[in-house]
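Note that ligands are numbered from 1 as they come in the structure, with each ligand's atoms numbered from 1 the same way. Keep in mind that this is a model prediction, so the values were computed, not measured.
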Amino acid sequence: MDQMNLKEAAKNLNKKGFLDLEVPKELDFAKEIKRLKKEKNAVILAHYYQEPAIQDIADFVGDSLQLSYKAAEVDADLIVFAGVHFMAETAKILNPDKKVVLPDLNAGCSLSEACEAKDLKVFKEKHPDHVVVTYVNTSAEVKALSDICCTSSNAKKIVDSIPLDKPIIFAPDKNLGAYINKETGRDMLLWDGACIVHEAFSIDKLIDTHKSHPDAKIIAHPESEAHILKTAEYIGSTSGLINYVKNNPAKEFIVATEAGILHEMQKEVPDKSLYPAPAFEDNTCACSECPYMKMNTMKKLYLCMEYEMPEIDVPEAIRKKALIPIQRMLDISSK
Ligand code: 13P
Ligand code: SF4
């Protein structure tokens, strides 16, 4: 690589969010990534919403909670996070001495963006007696203001661990929060945030899809809106959904979550038929895809491993505070 081009690309990293470098046309990304994994003692952690080629080359594919546990225990010099920013940040919070890279720093999350630390601080001051439970889909600054974190797979357990006489602020996902209120009988104060991917499902189109496949079971992620969840026979996190499809005798499923999950799900149940829940907008996949998750590509993954940038950095004072609610979550969740 021409050092001038690399210097220029590195200088532009803050503006662009990723290394914008030309690579030879014939480059085999999968081969190069495998080579770099060995050479650098690197581990690739990927979320189920990543594109199939990335999931296939990852060392571990999982849901948010599994990825947090994995990040806490990895024995690698370089952690390559094929997911979104808050996930890579959580890995860095848990591994301050390791280098954590993310292929594209622009890979954010609509939930994280809906809850800024300065706003949560004001809200907390208005409700000083409340325990603050935040979804992991938040920035390190927001975690630093939280009492305990949760993911979609342990949210009920985390909320149930809080004494009944303690009022709770739940941020930032109002849909997950409303679902957990229903499940636990609590009356948590809900932040007004939502996942753009799970709010994109159309109930009318979902009913039409079910009419075309009347034997299919509808299953949904709890970030979906209440009217979608009402139609679901099972509600769970991404790994919960995969396990349900694996263990349920039904042969057809309509899956209301980000379409990337179908890759791993179909591998687990090659003989079953899986249909993605349809979104309002007609798009190429007739499903709902996360534009943030899909910012990561094989080329960006290769470049970030080769040059070890962009790197995730969390100021130590914030990191120490953010670690407390994450560690509490991991401890309670593993009991
Ligand atoms: P889980 O992986 O915890 O199911 O969450 C889904 C999600 O939206 C991650 O951003
Ligand atoms: Fe955020 Fe939704 Fe994308 Fe997950 S799917 S990263 S919650 S916007």
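A salt bridge is absent between Lys98 and Asp75; no separation between the charged side-chain nitrogens and carboxylate oxygens falls under 4.0 Å. Look at Lys156 and Asp160 and you find a salt bridge, because one of the NZ, NE, NH1 or NH2 atoms lies within 4.0 Å of a carboxylate O, short of that distance. Salt bridge absent: Glu51 and Lys294 never bring a charged side-chain N and a carboxylate O closer than 4.0 Å. With respect to the salt-bridge test (charged N to carboxylate O, under 4.0 angstrom), the residues Lys37 and Asp59 qualify. Using a 4.0 Å cut-off between charged side-chain N and carboxylate O, Lys321 and Glu141 make no salt bridge. Remark: Arg35 engages Glu32 in a salt bridge, criterion side-chain N to carboxylate O under 4.0 Å.
Among all protein heavy atoms, the one lying closest to atom 1 (P) of ligand 1 is Ser64 OG, 3.3 Å. Looking only at heavy atoms of the protein, atom 3 (Fe) of ligand 2 is closest to Cys290 SG, 2.4 Å. Taking atom 2 (Fe) of ligand 2 as the reference point, the nearest protein heavy-atom neighbour is Cys195 SG, 2.3 Å. Of the protein's non-hydrogen atoms, Asn137 ND2, 3.2 Å is the one closest to atom 7 (S) of ligand 2.
Considering backbone and side-chain atoms alike, His47 places an N or O below 3.5 Å from some N or O of ligand 1. The distance criterion of under 3.5 Å between nitrogen or oxygen atoms is not met by Asp63 with respect to ligand 1. Taking any N or O of Ser152, backbone or side chain, at least one lies under 3.5 Å from an N or O belonging to ligand 1.
Residue contact check: Ser237 has heavy atoms under 4.0 Å from atoms 4 (O) of ligand 1. Applying the 4.0 Å criterion to heavy atoms of Glu223 picks out, from ligand 2, the atoms 2 (Fe), 7 (S). Listed by atom number, the atoms of ligand 1 under 4.0 Å from Met87 heavy atoms are 9 (C), 10 (O). For ligand 2, the atoms closer than 4.0 angstrom to any heavy atom of Tyr49 are 5 (S). Taking a cut-off of under 4.0 Å to the non-hydrogen atoms of Leu111, the atoms of ligand 2 that pass are 7 (S).
When the heavy atoms of Met293, Glu223, Glu258 are ranked by distance to atom 8 (O) of ligand 1, first place goes to Glu223.
Within the 4.0 Å heavy-atom criterion, the part of Asn137 lying near ligand 1 is the side chain and not the backbone. In Tyr48, neither the side chain nor the backbone holds a heavy atom less than 4.0 Å from any atom of ligand 1.
Two residues are said to be in side-chain contact when any heavy atoms from C-beta on lie closer than 4.5 Å; Leu102 and Met87 fail this criterion. The shortest distance between side-chain heavy atoms of Thr138 and Leu111 does not fall below 4.5 Å. Contact annotation: the side chain of Thr257 never approaches that of Tyr48 to less than 4.5 Å [non-hydrogen atoms, C-beta and beyond]. In this structure the side chain of Val43 never reaches within 4.5 angstrom of the side chain of Leu78, judged on heavy atoms.
For atom 1 (Fe) of ligand 2, the set of nearby N, O or S atoms under 2.8 Å includes one belonging to Cys109.
Listed for the Lys143 side chain is no donor-acceptor partner under 3.5 Å among the backbone atoms of Ile326.
The shortest separation from a heavy atom of Glu258 to ligand 2 is not under 4.0 Å, leaving the residue out of contact.
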